[in-house]
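Just so it is clear, the values below take in all heavy atoms, side chains as well, and ignore hydrogens, waters and symmetry mates. Computed from a predicted structure; not experimentally measured.
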Amino acid sequence: MGNQTGIFNFLLLGLSDRPEQQQLLFRLFLGTYFIGTLGNLLTILAISFDSHLYTPMYFFLANLSFLDLCFTSTTVPKMLINCLLGSNVISYAECLAQMYFYIAFGTSDSILLSAMAYDRYLAVCHPLHYGAVMTPRLCALLVTVPCVTAHLIAMVQSIFIDLLSFCTNNKIPHFFCDINTLIKISCSDTHIHEMLVLFLGGPVVLIPFICIVVSYTPIASAVWKVPSVHGKWKAFSTCVSHLSVVTLFYGTVIGVYFNPTSTHTSQKDMIVTVMYTMVTPTLNPFIYSLWNNDLKGALGKLRGLKHFSKRQLL
């Protein structure tokens with residue numbers, strides 16, 4: 001670590017400094033984290049155990065659930081432990097590690113969503129060529145490339161943050177080590193770091209978002225040409241879940257990082273951040289299971305397998 005400052009710990013101020021509110025938030029976040037973890041794990045298990053779901057769409061969905069699980073686990077457990085112990089301390093090394101994995105998993109999520117949009121584009125607009133184009137090798141590349149890219153971006157940003165100096169202010173007005181917040185409390189000249197965040201972080205959000213819009217434009221055109229209402233819905237139904245997830249994810253991310261700085265407040269940013277760090281990953285598996293009968297069936301089989309195993313043990 002290149003910390004030049006003598007500050008070895010930071011204080012995470014969190015969402016509230018009132019004990020009664022902290023207890024309420026602890027219960028709320030613990031419940032949300034448990035539900036989200038369970039939902040994402042069940043999605044991964046259901047896809048793994050049902051051979052009918054060994055298709056590119058569900059391969060991407062399983063990876064999205066895994067990334068969501070990792071994404072929430074980067075920030076929420078530390079916050080819950082601090083609430084439980086009545087402490088708000090995080091070490092310098094923990095802070096950098098938390099920021100690194102937060103950037104890595106968040107970036108992977110963003111790029112993977114654009115890969116899933118491309119998959120839906122091929123399925124709806126070019127169904128006859130779908131199997132020939134969306135090969136296992138391409139699927140693996142569409143998952144591996146986002147992860148490698150995300151970790152490289154996280155590494156570069158973490159190295160540059162490690163070069164900052166933190167003089168006397170070690171209070172982070174957030175519930176985790178957010179890169180923008182660390183830049184704000186630094187006593188170094190942060191102009192280059194702010195530019196780097198925009199240079200690396202902007203394309204990571206905007207390019208996948210543009211790719212999603214480009215993918216869904218011909219999808220919308222193809223669906224519109226279907227003569228019957230039932231046919232339109234059947235053609236578009238496989239995209240509804242993905243569109244809902246995209247709207248939740250990008251809507252909240254853009255709300256935090258792409259609004260004028262004059263409109264930002266620490267409290268407002270934290271509330272919106274809770275949406276895409278906790279609420280969105282928690283809702284994702286339920287959104288997909290709500291709209292997808294195949295996934296519902298796989299979850300039902302998984303539940304039946306669990307009951308069968310219990311009877312065998314008895």
Side-chain angles (χ1 to χ4, degrees), residues 1-3 10 36-37 40-41 43-44 56 59-79 90-119 136-164 172 174 176-183 190 192-212 245-246 249-250 252-254 256-258 273 276-278 280-281 284:
M1 292 294 172
N3 185 16
F10 289 106
T37 300
N40 282 303
L41 282 175
T43 300
I44 295 169
F59 172 73
F60 292 133
L61 178 56
N63 279 278
L64 180 67
S65 292
F66 175 74
L67 287 174
D68 283 342
L69 192 59
C70 295
F71 189 46
T72 53
S73 298
T74 300
T75 57
V76 179
K78 179 63 178 177
M79 179 180 62
I90 185 169
S91 71
Y92 180 80
E94 280 182 304
C95 190
L96 243 62
Q98 187 182 66
M99 186 195 72
Y100 172 89
F101 286 110
Y102 176 83
I103 294 170
F105 292 127
T107 302
S108 299
D109 247 356
S110 179
I111 303 174
L112 183 60
L113 285 172
S114 66
M116 294 173 75
Y118 176 65
D119 172 72
R137 182 180 179 183
L138 180 60
C139 291
L141 280 174
L142 289 174
V143 169
T144 305
V145 171
C147 289
V148 172
T149 304
H151 281 277
L152 287 174
I153 290 171
M155 188 183 300
V156 171
Q157 292 190 334
S158 299
I159 290 170
F160 271 81
I161 290 296
D162 192 39
L163 297 174
L164 290 175
I172 300 176
H174 219 306
F176 72 100
C177 291
D178 178 59
I179 185 169
N180 288 332
T181 310
L182 286 172
I183 289 173
T190 59
I192 294 176
H193 298 78
E194 291 170 3
M195 294 299 294
L196 185 69
V197 169
L198 287 175
F199 179 74
L200 292 177
V204 160
V205 175
L206 292 178
I207 292 176
F209 182 73
I210 291 169
C211 290
I212 291 169
V245 170
V246 165
F249 182 83
Y250 285 103
T252 50
V253 169
I254 291 171
V256 172
Y257 292 104
F258 294 92
T273 304
Y276 73 84
T277 55
M278 289 187 62
T280 301
N284 284 354

Engineer: State, to 0.1 Å, how close Pro203 and Leu198 come at their nearest heavy-atom pair, and which atoms those are.
Structural biologist: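 Distance-wise, the nearest heavy atoms are CD-O, 3.5 Å.
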Engineer: Does Ile192 have more than 12 heavy atoms from other residues, nucleotides or ligands lying within 6.0 Å of its CD1?
Structural biologist: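 Counting other residues, nucleotides and ligands, CD1 of Ile192 stays at 12 neighbours or fewer.
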Engineer: Relative to the ring of Phe176, is the ring of Tyr102 parallel (under 30°), tilted (30 to 60°) or perpendicular (over 60°)?
Structural biologist: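 Judged by the thresholds at 30° and 60°, the geometry between Tyr102 and Phe176 is tilted.
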Engineer: Apply side chain to side chain contact (heavy atoms under 4.5 Å, CB included) to His193 and Leu164, showing your working.
Structural biologist: CA-CA 9 Å; His193 298 78; Leu164 290 175; 3.3 Å; yes
Engineer: Is the backbone of Val143 close enough, under 3.5 Å, to the side chain of Asn63 for a donor and an acceptor to pair up by distance?
Structural biologist: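 No, Asn63 side chain to Val143 backbone: no donor-acceptor pair under 3.5 Å.
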Engineer: What closest approach, in Å, do Leu142 and Leu112 show between heavy atoms, and which atom pair accounts for it?
Structural biologist: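 Heavy atoms only, the tightest pair is O-CD1, 4.1 Å.
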Engineer: Is the backbone of Asp68 close enough, under 3.5 Å, to the side chain of Thr72 for a donor and an acceptor to pair up by distance?
Structural biologist: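 Here the side-chain-to-backbone pair exists.
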Engineer: CG of Leu113 to SG of Cys211: how many Å apart, nearest 0.5 Å?
Structural biologist: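 Separation between the atoms: 12.0 Å.
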Engineer: Hey, what do you get for CZ (Phe66) to CG (Leu41), rounding to the nearest 0.5 Å?
Structural biologist: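 Rounded to the nearest 0.5 Å, the CZ-CG separation comes to 10.5 Å.
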Engineer: Short question: side chain of Asp162, backbone of Ser158 - any donor-acceptor pair under 3.5 Å?
Structural biologist: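 No, the answer is negative, given that no donor and acceptor are paired below the 3.5 Å cut-off.
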Engineer: Grab the two heavy atoms, one from Pro56 and one from Asp119, that are nearest each other, plus how far apart they are.
Structural biologist: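 Heavy-atom minimum between the residues: CB-OD1, 3.6 Å.
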Engineer: Any donor-acceptor pair under 3.5 Å linking the side chain of Gln157 with the backbone of Ile103?
Structural biologist: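 No, Gln157 side chain to Ile103 backbone: no donor-acceptor pair under 3.5 Å.
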Engineer: If you look at every heavy atom in Thr43 and Ser65, which pair is closest and at what distance?
Structural biologist: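 Where Thr43 meets Ser65 most closely, the heavy atoms are CG2-OG, 3.4 Å.
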Engineer: Do Leu182 and Asp178 have side-chain heavy atoms sitting under 4.5 Å apart?
Structural biologist: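 Leu182 vs Asp178: side chains apart.
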Engineer: Could you measure the distance from the CD1 atom of Ile179 to the CD1 atom of Ile183? Nearest 0.5 Å is fine.
Structural biologist: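 The CD1 atom of Ile183 is 5.0 Å from CD1 of Ile179, to the nearest 0.5 Å.
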Engineer: Nearest 0.5 Å, what's the CZ-OG1 distance between Phe160 and Thr190?
Structural biologist: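 The CZ atom of Phe160 sits 13.0 Å away from the OG1 atom of Thr190.
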Engineer: Would you name the heavy atoms of Phe71 and Pro281 that are closest together and state the gap between them?
Structural biologist: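 Taking every non-hydrogen atom into account, CD2-CG, 4.1 Å.
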Engineer: What do the steps show when you test Ile172 against Cys177 for side chain to side chain contact (heavy atoms under 4.5 Å, CB included), and what is the final call?
Structural biologist: CA-CA 7 Å; Ile172 300 176; Cys177 291; 3.9 Å; yes
Engineer: Taking atom CG of Leu67 and atom CZ of Phe60, what is their separation to the nearest 0.5 Å?
Structural biologist: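 So the gap between those two atoms works out to 12.0 Å.
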Engineer: Mind listing the closest non-hydrogen atom pair of Ser108 and Ala150 along with its distance?
Structural biologist: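 Heavy atoms only, the tightest pair is OG-CB, 3.1 Å.
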Engineer: Does Ser110 use its side chain to pair, donor to acceptor, with the backbone of Val204 at less than 3.5 Å?
Structural biologist: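 Yes, because the side chain of Ser110 sits within donor-acceptor range (under 3.5 Å) of the backbone of Val204.
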Engineer: Between His151 and Phe105, what is the ring plane arrangement, given parallel below 30°, perpendicular above 60°, and tilted in between?
Structural biologist: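 Answer is perpendicular, since the angle exceeds 60°.
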Engineer: Just verifying a value: how many Å separate Ile44 CD1 and Leu64 CG, rounded to the nearest 0.5 Å?
Structural biologist: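 The CD1 atom of Ile44 sits 9.5 Å away from the CG atom of Leu64.
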Engineer: Say whether, by atom type as modelled, one donor and one acceptor occur between the side chain of Gln98 and the main chain of Cys95 under 3.5 angstrom.
Structural biologist: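 A pair under 3.5 Å: no.
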Engineer: Find out whether Met79 and His174 are in side-chain contact, i.e. whether some heavy atom of one side chain is under 4.5 Å from a heavy atom of the other.
Structural biologist: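 A side-chain contact is absent here, since even the closest heavy-atom pair is not under 4.5 Å.
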Engineer: Return the orientation label for the Phe209 and Tyr250 ring planes: parallel under 30°, perpendicular over 60°, tilted otherwise.
Structural biologist: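 Tilted: the ring planes of Phe209 and Tyr250 meet at 30° to 60°.
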